[in-house]
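Lettering of chains follows the sequences in order, A, B, ..., and the numbering in each one begins at 1.
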Amino acid sequence: MGANVIPLFVVVSLSGAFLISLFGRKLKWFPDLIGSAFTALLLLLSLYAVKIVAEAGTLVYSAGSWKPPVGIVFVLDGLSSFMLVTVNLVAFCVAMFSINYMAKYTSKWKFYTLFLLMLAGMNGVLITGDIFNLFVFLEIASVASYALVAFGTERHELEAAFKYAVMSTVGSLFILLGIVFLYSATSTLSMADIALSLSPGKHSGILMLVSILFLMGFGLKAALVPFHAWLPDAHPSAPAPISAMLSGVLIKSLGIYSLCRIIFCVLGVSSQLLSILMVLGTLSMLIGVFLAIGQWDLKRLLAYHSISQIGYVILGISLGTPLGIIGGLFHLFNHSIFKSLLFLNSGAIEYTTGTRDLKKMGGLSEKMPITSTTALTAAMSISGIPPFNGFWSKLLIIIACVQAAKYWYGFWAVLASILTLASFTKVMKYAFFGNLKSQWAMIKEVPVFMKLSMIILAVICVFGGLLFFPGLREPFLLKASGVLLDAKTYASTVIRLVQ
Amino acid sequence: MSKEHDRGMSVIVKTVTRLTVGLILLYGIYILSHGHVSPGGGFAGGVIIALSFIHLMLAYGKEAALKRIPSQALSFFEGFGAIMFLAIALLGFTGGYFFLNFLPKGEPFKLFSAGIIPLCNIAISLKVGAGLFAIFIALVLLKFEGENK
């Protein structure tokens with residue numbers, strides 16, 4: 001099988017989407033089954049991808065047996081397989097959660113079609129080795145996500161979706177413009193080929209321009225701080241499973257992964273660019289958490305925390321040291337787990353009580369023990385309390401800051417973590433602890449599939465820290481960080497393997 | 001206003017439409033089927049085919065067009081086109097590669113040549129044509145709903 005597994009990530013999710021659009025309208029059980037089964041299959045495939053990358057190293061696949069620079073290549077290396085596991089793990093839990101949660105909406109099959117299309121876009125971004133192909137997949141995922149944000153078709157949802165669509169399209173245009181400039185300078189679209197044709201002396205002007213364009217475009221997709229305004233509207237307005245997908249993995253695969261892949265592996269990283277990213281990451285970290293702490297809408301609070309935690313990931317990666325990159329990527333994985341879990345928890349609360357306002361909740365832990373336990377786990381993970389997974393990755397980032405002698409950045413990271421703890425203390429107090437209000441006396445715990453997916457994610461939160469221990473970290477984290485550390489060898493590896 | 005739309009436009013428009021709509025459809029099929037030997041292809045052909053139905057709808061009102069091609073059929077063709085394209089790509093695995101052109105290539109510039117490319121064009125035209133017409137219908141229905149309020 002080997003490299004033949006690579007195109008399957010796009011094929012499985014796309015065929016799921018179109019099969020549901022063909023048969024899902026008539027057969028009511030069909031969308032649920034296909035949604036869960038296909039995402040489970042994708043999860044297994046991505047675990048298999050980690051295994052073959054650990055054994056055989058980077059794999060390259062030429063679509064239609066056309067060799068680059070003419071054809072499109074798919075590249076599976078440590079970073080891609082790491083991201084594939086993250087994306088498909090969250091997608092599987094979300095698909096299972098949606099079986100019960102989406103029952104209250106009409107036309108569930110449309111939801112699953114869009115969901116699998118978005119997943120196909122994300123998987124495509126992760127495996128492609130062609131810069132225009134990356135743009136196409138990025139647009140597939142983005143357009144599907146606009147429709148999913150507007151899925152409830154209430155007034156504020158449509159407004160949020162419109163705002164998101166406009167902002168995100170502007171981001172896409174910056175990316176497209178960057179690709180145009182790169183193409184005009186190098187006459188090729190294959191990432192490996194671009195990296196080999198760019199020479200710092202000859203192309204320094206265009207490199208600067210293109211770096212800034214990509215920074216704006218992908219920064220908008222990742223919701224870094226000057227470009228974050230769409231996120232607190234768009235993410236809470238979507239149905240809860242989609243909020244989990246958007247905050248958990250979409251901003252990471254379209255934003256952070258693409259930014260790192262292009263800046264590190266294609267353009268070549270410079271110290272100025274890294275310091276810009278470091279400042280932006282720290283700003284996101286602090287501004288996100290300060291905005292979050294005053295929110296009373298649970299999902300909006302979580303959305304602001306996404307901005308803040310993305311700041312940690314960017315800060316870690318942009319330190320550029322081995323430990324910093326490992327810490328950043330590890331935090332990326334951990335954040336996608338606990339933030340999806342928190343959004344699923346907020347969905348469970350909304351499912352039973354119908355409200356997102358923290359002031360109206362209270363004492364829900366009596367009636368919803370599983371939701372409140374898993375929410376407590378996730379809240380402790382995001383606040384960085386040992387031994388949950390968030391603690392280990394934040395610790396790595398802070399140690400990396402100190403090692404690189406960036407003491408102030410380390411201090412801001414600690415401060416943001418303390419403020420995160422404060423805001424989640426507020427969430428737990430108002431939502432789950434305290435006295436049960438009389439209007440919630442009759443509520444029941446959520447149905448079985450919702451419980452199951454929350455429990456899976458909570459277990460990963462508890463044991464996620466183990467991924468950093470020797471034996472488990474070599475195939476997963478070290479392979480991924482190795483790609484960014486040896487970014488200069490990406491192009492020559494791809495070209496060598498394809499011959 | 002909406003009743004007038006249902007009945008369609010004036011007799012001049014209707015006559016011209018009756019004469020041209022078949023030609024437009026035929027031209028779309030021509031562009032589509034010669035996509036691999038001349039400019040054009042699945043996308044352009046699909047758009048022209050969809051335009052012939054939109055033309056019918058503008059002249060005769062939406063019932064006349066929807067009677068010929070109901071919206072369920074549109075939704076079916078859209079999904080089917082995509083599945084067909086994916087299936088063609090997957091059949092490339094019989095030759096060892098995703099998207100491999102596994103059929104005999106034939107002689108260049110002949111109608112039956114170029115392996116899977118004409119089949120891909122047909123799949124794309126189904127998807128694009130049905131999708132474009134469905135978007136048009138959605139916009140029209142939305143407009144009528146807005147007017148009734």
Atom CZ of A/Phe162: over 12 foreign heavy atoms under 6.0 Å: no
Heavy atoms of other groups near B/Ile12 CD1, more than 12 under 6.0 Å: no
Nearest-0.5 Å distance that lies between atom CG in B/Leu90 and atom CG in A/Leu14: 10.0 Å
Side-chain heavy atoms of A/Pro7 within contact of B/Phe99, under 4.5 Å: no
Flag if over 12 foreign heavy atoms under 6.0 Å of OH, A/Tyr105: yes
CZ/B/Phe80: more than 12 non-hydrogen atoms of other groups inside 6.0 Å: no
Neighbour count >12 (heavy atoms, 6.0 Å) for atom CZ, A/Phe132: no
Atom of A/Tyr61, atom of B/Phe98 and distance for their closest heavy-atom approach: OH-N, 2.7 Å
Flag if over 12 foreign heavy atoms under 6.0 Å of OH, B/Tyr27: no
A/Phe23, part contacting chain B, at a heavy-atom distance under 4.5 Å: neither
Heavy-atom pair of closest approach, residues A/Phe18 and B/Gly79: CB-O, 4.3 Å
Which atoms of A/Leu22 approach chain B - backbone, side chain, both or neither, heavy atom under 4.5 Å: side chain
Interchain contact, A/Ile6 with chain B, by part (heavy-atom threshold 4.5 Å): neither
Audit row: B/Glu78, A/Ser21, side chain to side chain contact (heavy atoms under 4.5 Å, CB included) steps and yes/no: CA-CA 9 Å; B/Glu78 211 200 345; A/Ser21 79; over 6 Å; no
